[in-house]
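Down below is the structure, laid out as structure tokens.
To find a chain, count down the sequence lines: A is the first, B the second, and so on, and within it residues start at 1.
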Amino acid sequence: DAGITQSPRHKVTETGTPVTLRCHQTENHRYMYWYRQDPGHGLRLIHYSYGVKDTDKGEVSDGYSVSRSKTEDFLLTLESATSSQTSVYFCAISDRGYNEQFFGPGTRLTVL
Amino acid sequence: RKEVEQDPGPFNVPEGATVAFNCTYSNSASQSFFWYRQDCRKEPKLLMSVYSSGNEDGRFTAQLNRASQYISLLIRDSKLSDSATYLCVVNRGNQFYFGTGTSLTVIP
């Protein structure tokens with residue numbers, strides 16, 4: 001299995017609080033992605049990174065920001081969490097951006 | 001129009017059966033294609049990449065038709081352990097687009 005970890009694995013928080021999710025990889029892959037998965041929608045891209053300090057928006061980026069200061073870490077921040085951001089968040093990596101992706105175990109976030 | 005469309009199923013098949021899943025994609029500039037499986041409450045895992053010439057991995061066969069923008073997955077001799085959701089994934093420009101998945105249950 002690819003070396004990808006996500007933390008925390010589960011989080012319950014209140015509306016209006018900031019939340020940061022972390023993705024860590026040991027594969028030295030250039031591309032890293034954050035997705036959310038909701039019933040009926042499948043996996044939707046939030047943001048992705050194509051290198052250190054290089055990021056771009058995905059389909060559902062409103063309300064989220066990201067940072068990548070090191071190759072191995074990609075952080076997803078919800079500046080002020082809302083109930084609509086309750087979801088399962090997956091991080092993924094890819095070496096070349098068109099090769100297969102490998103996923104982390106996911107983070108279950110509940111915003112009350 | 002969605003980038004990737006799949007029949008959501010569910011498909012309920014007996015052990016040993018052959019089952020086929022189909023997927024269509026909307027953008028002809030799509031570059032690479034994959035099938036993933038996802039077990040309940042787990043992360044998606046790569047099942048196989050899909051090549052233009054078609055490819056096989058044991059009981060699994062994938063086909064790509066670029067002219068029709070159509071991808072298929074065939075599972076032969078279904079096992080109980082094949083029960084999962086199968087995701088069709090298409091890549092274009094460093095981004096990946098996911099179908100909503102097809103649910104398969106293999107029945108003893």
Check whether [X] gets within reach of chain B through its side chain, its backbone, both or neither, counting any heavy atom under 4.5 Å.
X      : value
Y50(A) : neither
D56(A) : neither
R96(A) : backbone
L43(A) : both
Y98(A) : both

Name the region of [X], side chain, backbone, both or neither, that has any atom closer than 4.5 Å to a heavy atom of chain A.
X      : answer
N91(B) : side chain
Q6(B)  : neither
R41(B) : both
Y36(B) : side chain

Hydrophobic clustering (ILVMFWY, side-chain heavy atoms < 4.5 Å, transitive) - are [Y] and [X] grouped together?
X      : Y      : result
V88(A) : L75(A) : no
L21(A) : F74(A) : yes
V13(B) : Y86(B) : yes
L46(B) : I75(B) : no
Y97(B) : I46(A) : no

Side-chain H-bond candidate by donor/acceptor type, Q95(B) with E59(A), under 3.5 Å =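 No, because no side-chain N or O of Q95(B) sits under 3.5 Å from a partner of the opposite role on E59(A).
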Can you tell me how far CG of L47(B) sits from CD of E100(A), rounded to the nearest 0.5 angstrom?
-> 12.0 Å
How long is the span from the CD atom in Q6(A) to the CD atom in E43(B), to the nearest 0.5 Å?
-> 8.5 Å
Should the heavy atoms of other residues, nucleotides or ligands under 6.0 Å from CD of Q31(B) be counted, would the total exceed 12?
-> yes
Any chance OH of Y51(B) has more than 12 other-residue heavy atoms, nucleotides or ligands included, within less than 6.0 Å?
-> no
Report the C-alpha separation of F96(B) and Y35(A) in whole Å, then their side-chain angles, then the decisive distance to 0.1 Å, and conclude whether the ring-ring contact (aromatic ring centres under 6.0 Å, His included) test is met.
-> CA-CA 10 Å; F96(B) 294 79; Y35(A) 295 92; 7.7 Å; no
Close side-chain approach of F90(A) to Q38(B), heavy-atom, < 4.5 Å | yes
In terms of heavy-atom contacts, Y33(A) and N94(B) come closest through OH-O, 2.8 Å
